[in-house]
Protein chains: 2
Amino acid sequence: MGLAKTEMFTNQQNEIALFAKVFGHPARVSILQHLFKIDSCVCGDLVSEIGLAQPTISQHLKELRHLGLIKGNVEGTSVCYCINTENWTKMKETMLQFLNQDISTKEDCC
Amino acid sequence: MGLAKTEMFTNQQNEIALFAKVFGHPARVSILQHLFKIDSCVCGDLVSEIGLAQPTISQHLKELRHLGLIKGNVEGTSVCYCINTENWTKMKETMLQFLNQDISTKEDCC
DNA sequence: TTAAATAATTGCAATATTACGATAAATGTC
DNA sequence: GACATTTATCGTAATATTGCAATTATTTAA
């Protein structure tokens, strides 16, 4: 199949999975880290920064944009990308809720 | 292709992507949440809990086990699963480092 | 208008993922 | 041993992902 049966899970579970999925490729992790590192927008130097072809980077950027984690603005012939801070914060809350599940009450029974 | 070019990324970037990938399916998110929720090990009631077939759940458990996030112990004819708390904590540190990247210095330039 | 620069889209090949029926393996019970 | 219970593995079909060459916008400069 290759198709997740999303209808049997909660919205929260599907949302977590969607965010996680987009982080599930090192190129997208790298793009995001780069956007965080530099203190301004990136105007299309991601292709030279990361070693992938231009259509490949463009595709990864599209996925990040569709999830709302980055914003892109046309500036002349190039496009300026940066983190969508508001949505990043929202995403972070969702992911932290998942990652910070209470572990203290568990005894190591296995 | 379908194959990520991991050699062009840092170990940290690949590690983040691997963890994120395993969270990238709602069934695995659901399994983990269930293992956290109950205060003891789960002895194979995950199949009835989640609505997927037994081989499918078994496959998802395998992936979680291979990443070290859960432990499984044979108890009679069934297997007892629980969170690997030590590895979960390590994973969390890696993911938090990624999620908590400093956003404060960014002006919304796009 | 033509050409250059840059990014998006299309099309496609290679590989990965998901799901599950069928089967096998492991253990416990009689 | 024969059988039941439970989980893992195998095989396979359907779909998704990744990467890039080729092409198509889109905008700027000359």
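Since we're looking at a predicted model, the values are computed, not measured.
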Testing C:dA19, D:dA8, C:dT18 for proximity to the side chain of B:Thr56, the answer is C:dA19

Can you tell which of D:dT6, C:dT9, C:dT18 lies closest to the side chain of A:Ser58?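 For the A:Ser58 side chain, the nearest candidate turns out to be C:dT9.
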
I want to check one thing: is the phosphate of C:dT17, taken as OP1 and OP2, less than 4.0 Å away from some side-chain N or O of B:His60?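 Negative; the distance criterion is not met.
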
Please determine if a side-chain N or O atom of A:Tyr81 lies less than 4.0 Å away from the OP1 or OP2 oxygen of C:dA8. yes

Quick test: give all pairs of protein nitrogen or oxygen and nucleotides 22-30 of chain C nitrogen or oxygen below 3.5 Å, distance rounded to 0.1 Å.
none

To the closest 0.5 Å, what do you measure between [atom1] ([X]) and [atom2] ([Y])?
X	Y	atom1	atom2	value
B:Asp45	B:Ile38	CG	CD1	6.5 Å
A:Leu99	B:Leu99	CG	CG	6.5 Å
A:Leu96	A:Gln101	CG	CD	12.0 Å

Exactly one candidate in B:Leu61, B:Leu69, B:Val42 meets side chain to side chain contact (heavy atoms under 4.5 Å, CB included) with B:Ile31; the answer is B:Leu61

How many Å lie between [atom1] on [X] and [atom2] on [N], as a whole number?
X	N	atom1	atom2	result
B:Leu52	C:dT17	CG	P	17 Å
B:Leu61	C:dT17	CG	C1'	16 Å
B:Arg28	C:dA16	CZ	P	15 Å
B:Arg65	D:dT9	CZ	P	7 Å
A:Glu7	C:dT18	CD	P	15 Å
B:Ile57	C:dA19	CD1	P	9 Å
A:Phe9	C:dA19	CZ	C1'	11 Å
A:Lys62	D:dC20	NZ	C1'	15 Å

A:Gln12: partners by side-chain hydrogen bond (donor to acceptor under 3.5 Å, both in side chains), with sequence neighbours left out: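 Once residues adjacent in sequence are excluded, the partners of A:Gln12 under the side-chain hydrogen bond (donor to acceptor under 3.5 Å, both in side chains) criterion are B:Gln33.
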
Listed partners of B:Asn100 passing side-chain hydrogen bond (donor to acceptor under 3.5 Å, both in side chains), at least two apart: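 side-chain hydrogen bond (donor to acceptor under 3.5 Å, both in side chains) list for B:Asn100, sorted by chain: A:Lys92.
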
Expected rows: protein N/O vs nucleotides 11-14 of chain D N/O, under 3.5 Å:
residue : atom : partner : partner atom : Å
D:dA13  : N1   : A:Met1  : N            : 3.3
D:dA13  : N3   : A:Met1  : N            : 3.1
D:dA14  : N3   : A:Met1  : N            : 2.5
D:dA14  : N3   : A:Met1  : O            : 2.3
D:dA14  : N3   : A:Gly2  : N            : 3.4

Do side-chain atoms of [X] reach the backbone of [Y] as a donor and acceptor pair under 3.5 angstrom?
X	Y	answer
A:Gln13	A:Thr10	yes
A:Asn87	A:Gly68	yes
B:Thr89	B:Thr85	yes

Apply side chain to side chain contact (heavy atoms under 4.5 Å, CB included) to residues A:Leu32 and A:Val29 and explain how you reach the verdict. CA-CA 5 Å; A:Leu32 290 166; A:Val29 171; over 6 Å; no

Using heavy-atom distances to pick each residue's nearest nucleotide on DNA chain D, tell me which of A:Gly51 and B:Gly44 is more 5'.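 Upstream on the strand: B:Gly44.
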
Should the ring pair B:His25 and B:His60 be called parallel, tilted or perpendicular, given that the plane angle runs from 0 to 90° and is split at 30 and 60? tilted

Qualifying residues under ring pair (Phe, Tyr, Trp, His ring centres under 6.0 Å), relative to A:Phe98, sequence neighbours excluded: B:Phe23, B:Trp88

Give the residues of residues 16-26 of chain A touching DNA chain D, defined as any heavy atom closer than 4.0 Å, sorted by residue number. A:Lys21, A:His25

